[in-house]
Protein chains: 2
Amino acid sequence: MPAAASALTRLREHLHHTRLLGSISSSLYYDQNTVMPAAGAAWRGEQLALLASQLHERQSSAQYAELVQAAEAELGADAPPEQQRNLALLRLELNRQRCLDPALVGALAKAQSLGNAVWQDARARNDFSAFAPALQELIALRRQQASQLAAAEPAARSPWEILAQPFEPDVSKSRLQELFAPLKAELPVLLEQVAASHAMAPDASAAANHADLPEALQEQLCAELLDSWGYNASRCQRSRSAHPFSCTVGPADFRITTRVVPGQPLSAFLATAHEWGHSLYEQGLPRSDDHYFPWPLGEATSMGVHESQSLFWECRVARSRAFAERWHPRFCSGLGHDPWGNAAGFWRALNPLRPGLIRVEADELSYGLHIVLRFELELALLEEGMPVDDLPQQWNQRMRDLLGITPASDAEGCLQDIHWAEGLFGYFPSYALGHLISAQLSEAMEADLGGPGGLERCVARGEEAELRGWLAQRVWPLGRRVNGEQLVRQVSGAPLSAEPFLRHLRRTVAGLLSPA
Amino acid sequence: MPAAASALTRLREHLHHTRLLGSISSSLYYDQNTVMPAAGAAWRGEQLALLASQLHERQSSAQYAELVQAAEAELGADAPPEQQRNLALLRLELNRQRCLDPALVGALAKAQSLGNAVWQDARARNDFSAFAPALQELIALRRQQASQLAAAEPAARSPWEILAQPFEPDVSKSRLQELFAPLKAELPVLLEQVAASHAMAPDASAAANHADLPEALQEQLCAELLDSWGYNASRCQRSRSAHPFSCTVGPADFRITTRVVPGQPLSAFLATAHEWGHSLYEQGLPRSDDHYFPWPLGEATSMGVHESQSLFWECRVARSRAFAERWHPRFCSGLGHDPWGNAAGFWRALNPLRPGLIRVEADELSYGLHIVLRFELELALLEEGMPVDDLPQQWNQRMRDLLGITPASDAEGCLQDIHWAEGLFGYFPSYALGHLISAQLSEAMEADLGGPGGLERCVARGEEAELRGWLAQRVWPLGRRVNGEQLVRQVSGAPLSAEPFLRHLRRTVAGLLSPA
């Protein structure tokens with residue numbers, strides 16, 4: 001028996017065990033956000049801290065380091081490139097983990113769980129001051145983490161960039177600024193076009209969009225949507241939570257959650273499309289081959305790519321005109337009448353194009369500006385010394401500056417997102433990257449589906465399975481073989497840019513503003 | 001700092017960590033039985049096996065053994081008796097764990113999880129042969145376990161007795177036979193009285209008992225019941241599962257599940273009362289004192305006592321005449337009519353007194369005989385070499401002999417219970433002990449509540465909180481300070497016997513058979 005095979009086999013077993021522990025955390029997280037009673041939070045925090053410290057131990061122990069080193073040493077020059085990349089990714093992650101103080105890892109897990117619980121309560125009571133100490137603590141801990149991680153970075157990176165690496169490998173602030181600049185230049189122009197048009201002809205869909213859709217009907221339409229998009233109850237589970245999310249609990253166990261938002265009748269439906277896009281990507285990741293699960297190559301490559309998959313199903317499919325035409329009758333028949341007037345009205349309701357306060361409810365035009373706001377506030381909080389107590393005022397000020405609107409409460413302002421409550425900084429830009437990637441992949445997809453308009457023609461025929469098939473063949477199986485930008489270049493043949501997304505927005509705005 | 005304090009402190013921390021791991025398993029178990037998709041079973045089995053092996057390691061490692069030994073050595077002669085008993089219980093459990101082969105522990109956890117999944121499917125398809133190999137494997141593994149555990153037993157015990165110890169500490173087959181003998185003598189007589197009465201006057205409640213109660217109404221009545229019995233949503237969660245259970249996920253996180261059974265309109269309601277009784281006991285266990293949580297004294301003392309608490313709320317309260325009087329109007333108003341004719345009819349429907357096939361739906365008269373059947377079959381399977389393949393035939397034969405009825409399918413025969421599917425042998429007698437203990441504690445309670453009938457008088461006034469208060473003061477805080485039989489003697493002043501239970505049954509039968 002060659003020694004090399006043995007080291008790789010032992011490493012594989014180690015990773016399998018690590019995956020088990022990680023997925024136990026996922027299961028507890030899912031439970032915490034769907035059914036756990038509030039008083040369970042403190043103990044749940046201890047459970048998650050215990051698992052986090054076990055995970056950190058497994059990913060940073062001397063024994064694991066020796067295992068990686070042995071595998072590296074045994075890796076022949078003719079080893080498959082997949083295996084080489086697996087080991088390179090493991091090495092980078094190992095170096096990062098070994099920089100971290102285990103006490104910090106445990107403290108972070110506890111603070112994250114506590115932050116979640118405190119935030120749920122503070123948001124419900126619209127009381128930022130109740131949340132501020134938890135946020136302060138999370139920022140301090142994450143800055144400590146960035147400073148410990150700096151030693152492992154192959155290049156010089158700022159604290160924010162270091163924290164963003166797990167979500168967007170190889171991301172830099174300057175590349176983000178380059179990609180976001182065209183958005184900052186053009187989005188306000190498009191928003192003004194829309195505002196001017198609304199001023200001339202008040203948006204008829206506004207009232208309809210606030211039509212009441214009974215909860216049971218929303219549930220039923222979500223279930224029908226999932227059924228038509230390949231939902232398989234033997235592998236999937238859908239629940240309710242305060243904030244929609246998607247969560248993989250095992251290699252054949254996929255969960256998504258949604259919420260019914262009073263006064264936002266299409267919210268649960270679109271959130272279901274969105275979370276299902278995440279889940280499809282997870283379900284489509286390569287798992288069967290030797291070089292994939294439980295190796296790094298079997299994982300999602302970046303949050304930007306992950307988000308591109310959810311946004312594809314939400315924005316490119318579920319908000320498309322063709323989709324509105326097909327689903328309008330179902331909505332009306334469930335409701336017993338047609339509050340939208342016709343399919344075009346329903347389509348407009350799916351695309352409100354109206355600067356809103358809530359990111360997850362935002363239209364595609366203002367979404368990018370929501371991200372810019374959060375990106376800048378994260379830099380201010382993490383790198384520029386902005387006091388946590390200034391957050392509500394700063395949030396509201398920037399909201400006015402960027403989008404021209406002001407939150408009436410912190411609950412619909414700086415308390416709206418779960419991310420900071422769990423210490424997630426460096427995550428938001430991935431959402432904007434998701435829009436860009438989704439648009440660029442959609443153009444590549446259309447080139448294979450008969451050119452521009454090919455996507456909508458598929459949807460018009462109810463053949464979303466063809467879109468799913470394309471993604472299942474071209475995108476999902478790549479795993480982490482390439483990073484996000486490399487994936488876009490490989491699939492579309494061009495470097496990532498904002499242009500496809502802006503083309504899509506110009507076309508959408510023109511369509512929505514034209515007479516029905 | 002005295003060395004003794006330090007050893008006990010370290011031991012306490014060790015136990016706290018062990019509790020965390022155990023409660024993670026509980027959370028995964030709850031998830032598995034309420035929301036996990038079927039395809040997740042294999043991975044869930046691996047997760048649970050991993051946790052089981054970690055738990056076994058913590059409870060049997062040389063390091064832990066040294067910790068216990070150090071604490072024992074440091075325990076002064078004037079140490080509180082609670083601490084002495086904690087260490088005695090830890091020592092016994094340690095000796096048991098150290099007898100076990102870790103490979104067997106892992107194999108059992110996997111077989112239990114697989115057994116659960118296979119059973120769910122086999123029961124749904126009424127296919128015993130699909131379940132038989134899993135059961136065979138579980139029996140073989142549990143026999144192996146008993147043979148390994150024998151070395152730690154303070155007294156000579158049979159394999160079945162050894163497996164029963166975790167549920168009923170200090171139980172013996174001969175003591176069970178002694179306690180069950182009066183039941184075997186008198187239950188058939190009472191059953192015959194009932195049958196003779198039914199023959200003369202066909203039971204009018206039979207049709208009403210099969211009245212349809214809409215699922216939403218059942219849900220609402222269950223919620224109202226829990227609210228009136230102290231349910232607190234910030235500490236509790238209620239879900240659906242194939243088999244009702246109660247489950248403690250953390251020191252302030254209590255879960256119960258129920259199921260709506262078609263054609264059994266009162267099943268979910270009574271199961272809710274039952275599981276809530278379990279949960280109340282868990283919620284009332286001592287947690288705050290130094291000698292309790294996470295020490296053994298903070299645990300439930302036996303499954304028999306646990307079951308006495310669930311049966312108290314199900315049989316002594318929810319099936320009582322006074323309770324039926326109070327709740328009859330609520331059922332009728334939810335339903336819009338009265339299928340029971342009057343409160344007495346409703347009371348009869350709550351107490352069908354009709355030998356049934358399903359243990360969890362069985363009346364109090366035949367319940368004991370259900371247990372005898374399982375007790376004898378377990379002895380046959382584990383100690384007398386009965387082949388697994390004979391189980392359906394043996395089950396049906398004994399069902400006819402004991403209760404005079406025959407299951408139409410294995411799904412309502414030997415596949416009805418979850419216990420064997422998870423390798424639980426030695427558990428069923430605790431249910432019967434629960435009936436005896438509940439009856440004996442009820443008599444002690446009534447002595448404090450104004451004598452015979454005091455319990456019903458409380459219920460008639462809607463003052464179940466008083467009953468809860470009595471249990472919270474006299475029973476729940478005992479934890480494991482005493483074993484089950486000692487608890488009964490301490491609370492009631494007399495050794496456990498079947499007589500209070502039989503007195504209760506005679507009275508109930510007389511009441512039900514008398515003209516309304």
Asks: Name the one of A/Q32, A/R44, A/Q47 that satisfies side chain to side chain donor-acceptor pair (under 3.5 Å) with B/S27?
Replies: A/R44
Asks: Quick check on the interface: out of B/Q237, B/R238, B/M36, who has the most heavy-atom pairs with chain A under 4.5 Å?
Replies: B/Q237
Asks: What distance separates B/L21 CG from A/I24 CD1, expressed to the nearest 0.5 Å?
Replies: 9.0 Å
Asks: How many angstroms lie between OG1 in B/T34 and CG in A/D31, if you round to the nearest 0.5 Å?
Replies: 7.5 Å
Asks: Assess whether ring-ring contact (aromatic ring centres under 6.0 Å, His included) is satisfied between B/W43 and A/F293, documenting all intermediate values.
Replies: CA-CA 13 Å; B/W43 187 256; A/F293 187 90; 5.6 Å; yes
Asks: What residue in A/C236, A/G40, A/A42, A/S23 has the most heavy-atom pairs under 4.5 Å with chain B?
Replies: A/S23
Asks: For B/P37 and A/R255, work out which heavy atoms get closest and say how close.
Replies: CD-NE, 3.7 Å
Asks: Go through the atoms of A/R19 and report whether side chain, backbone, both or neither lie under 4.5 Å from a heavy atom of chain B.
Replies: both
Asks: For chain B, which residues from residues 223-234 of chain A lie under 4.5 Å away (heavy-atom distances)?
Replies: A/A233, A/S234
Asks: What part of A/L51 is in contact with chain B, defined as an atom under 4.5 angstrom from a non-hydrogen atom: side chain, backbone, both or neither?
Replies: side chain
